[in-house]
Engineer: 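Structure provided below as structure tokens; questions to follow.
As the structure is a computational prediction, the values presented were derived from the model and not from experiment.
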Amino acid sequence: MDNFKKEIWSVFIITALLGVFFQINRMDVFLYLNSWQNNIQAGNIWQSMGNPKDAKENYLLIYDPADVQSVLSRHIVEKIIRDQKKTVQTIPFYQPVVIDNKCQGVIIATNKLKSIAGMSAVAEYVEQGGRAAILRNLQGDMLPEGMTAKLGIASIGQEISVPGIRVPGDMFLGLQGYGFDSASYMTGVTDVQLTGDAVPEVTSQDGHPIIWSHNSGQGKYIVCNSRERDDKNNYGTYTAILSQLNEDYIYPMINIKLFYIDDFPSPVPEGNFDRIYQETGYNTSDFYRRLWWPEMLNNGEKYNVKYTGLIIESYGDQVKGPFKPLANGAARNSLIAYGRELLKAGGELGIHGYNHQSLAPAGYGQDELGYATWESQADMEESLRELKRYIEDVYPGYEIHAYVPPSNILSPEGKAAVKNVFTDIKVYSSLWEGLATAKEYFQNFQLNSDGTSEIPRASSGYAPSQEEIWEAYNVLNYNGVFSHFVHPDEIFYEESENLTWAIMKQGMTDLLSELQNRFGWLEPVTATEAYEKLQDYVQMDYSLTRSQEGIKINASSFQKPLTFILRTDKEIGSVTGGSAKRIQANAYVLTVTDGDFEIKWAGEE
């Protein structure tokens, strides 16, 4: 009898506890017990005795002010050198050239070599051990006598267009052996045959030289035998070329691997999507939960990726208030479940919008996308206040720092609306490049005067084309940023009609696997962490001191470890003030943790 009473009491207690548990869970108490934070913590700022201007490395740039392509090359090179905290003296080709012993290299952004007033001075500089880069496709009748031999050219013809890319050399970071065939990716080059001692760095798929180097006397020429492209690919190419201008070339990088999931967490589409159901046997909700999201989490862990998810509350097309909470609790449940799992995996929550209607008035191409247009900034702000309430209800106290505009369209009014409502916003992320005629929001990497930043995305999709990957790798060579985005519902798009889930899954695996193999040194970050890295990259300063024994970096105005790339064939023997990791035969990643950083060459310790 006593045992029976004990069993009754046990069942009663368990039932009561379960009731309390489910009531607490219904009241979202667990959300408050596990309080997620996303605060930016200010750290100590390294300061030094200063970085005198005369300690900056200086370069000479010669260009043609009457040639549009030459002027464009000039601006790109000047920006890269400024980003690297170096200095450049820019002169027109008709001005006499004086090259002093402090010059670290010469850049020629014109193919009118015969007309350069100081070309003989440049040639002498190279013969005595200097290095010069030529950034235009060559023109045979504009080469000084004897110049073809100095440049490693056996014969020279006319301009042609060549397809695809091959990277036989090691000038680029991480790309030796890379290449792709393409009938659409064309490069305008001068048809040349190289001498046997010239070193091809980049060719077309059929072997036409695009970039090569050639020793001349005690120095070297690096030739970029291509027309200036109308995209931003030359940022990475020019950075790689500049890195060859000194036998021990050092420059800073941002060093981030940033991965966005647009439209996530968001309301999960109901019902079946035919192609998904036929391939997997799952309805849309189960596909998200059982296949797509586990695959994303697995990839994040396997390939060292952190996700920044971008919340949407509704997929409606409402652009006029009042904006009311959705009656259906499914969207909120998705925000709770998927959001918590994303945060638990080391990710971050940002915003995409109350809905997927781009924050812009008429005139931004919304009609082509079937989007509604906003009448006023006040309407935009009202929708964002509802989104803010929606997020704070689930994640009280969580700071939102990242905004990505739907379809990468953002007006000044929309940008102001985001900042007015989400006052902690730090990152706007849209696109690195695109067609000049497009209405999308294109960005450079920069800090804004209001404390926010521009951190564009350079690639997208589960199975990006080789052309897109080449563009992403160029950004990576420019400033050490891999910035990519996907959508959970990409397989539903018209553009994906020839893709299956199996193809998309394999495409993402291939992308992340190759990225890890080629650039395993990249630091995985969320949007907020990317902002902190960019902040240090922009605001820090440094100077270099070179000696026979090694190199010293005197760095200041940074809070977290800095990343530098060292291009050298030498072997490092010891490091103080940080660490060094060899990433390929002629390159190291330097991590600077102290304002006084020093490397010594092997045998010189």
Engineer: With under 30° as parallel and over 60° as perpendicular, where do the rings of W432 and F445 fit, or are they tilted in between?
Structural biologist: tilted
Engineer: Mark yes or no: K505 above the aromatic ring of Y462, with NZ or CZ under 6.0 Å from the six-membered ring centre and no more than 45 degrees from the axis.
Structural biologist: no
Engineer: When you measure from the centre of the six-membered ring of Y260, is the NZ or CZ of R457 under 6.0 Å away and within 45° of the axis?
Structural biologist: yes
Engineer: OG1 of T373 to CG of L359: how many Å apart, nearest 0.5 Å?
Structural biologist: 12.0 Å
Engineer: Tell me whether E78 is salt-bridged to R74, with the criterion being a basic N under 4.0 Å from an acidic carboxylate O.
Structural biologist: yes
Engineer: If every non-hydrogen atom of L476 is compared with every non-hydrogen atom of F482, which pair is closest and at what distance?
Structural biologist: CD1-CB, 4.1 Å
Engineer: Would a line drawn from the ring center of Y493 to the ring center of H487 be shorter than 6.0 Å?
Structural biologist: yes
Engineer: Decide side chain to side chain contact (heavy atoms under 4.5 Å, CB included) for L544 and E57; before the verdict, give the C-alpha distance in whole Å, the side-chain angles of both, and the deciding distance to 0.1 Å.
Structural biologist: CA-CA 8 Å; L544 298 176; E57 295 193 325; 3.7 Å; yes
Engineer: Would you name the heavy atoms of V404 and H352 that are closest together and state the gap between them?
Structural biologist: O-ND1, 2.7 Å
Engineer: Show your working on salt bridge (Lys or Arg N to Asp or Glu O under 4.0 Å) between K257 and E523 and close with a plain yes or no.
Structural biologist: CA-CA 6 Å; K257 179 165 56 175; E523 184 176 338; over 6 Å; no
Engineer: Is the distance from the ring center of F323 to that of Y354 below 6.0 Å?
Structural biologist: yes
Engineer: Which is it for F264 and L310 under the side chain to side chain contact (heavy atoms under 4.5 Å, CB included) test, yes or no, and what are the steps along the way?
Structural biologist: CA-CA 5 Å; F264 182 78; L310 301 160; over 6 Å; no
Engineer: Minimum heavy-atom separation for N137 to G188, with atom names?
Structural biologist: CB-O, 4.4 Å
Engineer: Just say parallel, tilted or perpendicular for the rings of W521 and F519, cut-offs at 30° and 60°.
Structural biologist: perpendicular
Engineer: Regarding Y441 and E454, do their side chains bring together a donor and an acceptor under 3.5 Å, going by distance alone?
Structural biologist: yes
Engineer: What's the shortest heavy-atom distance between A527 and T308, and which atoms?
Structural biologist: N-OG1, 3.0 Å
Engineer: Is K56 positioned over the aromatic face of Y542, cation under 6.0 angstrom from the ring centre and no more than 45 degrees off axis?
Structural biologist: yes
Engineer: Just how far is it from atom CD1 of I210 to atom OG of S204, taken to the nearest 0.5 Å?
Structural biologist: 5.5 Å
Engineer: Mind checking whether Y307 and W293 have parallel, tilted or perpendicular rings, split at 30° and 60°?
Structural biologist: tilted
Engineer: Under the criterion salt bridge (Lys or Arg N to Asp or Glu O under 4.0 Å), I'd like the reasoning laid out for K560 against E532: C-alpha separation, chi angles, the key distance, then a yes or no.
Structural biologist: CA-CA 8 Å; K560 297 192 174 182; E532 294 172 328; 3.0 Å; yes
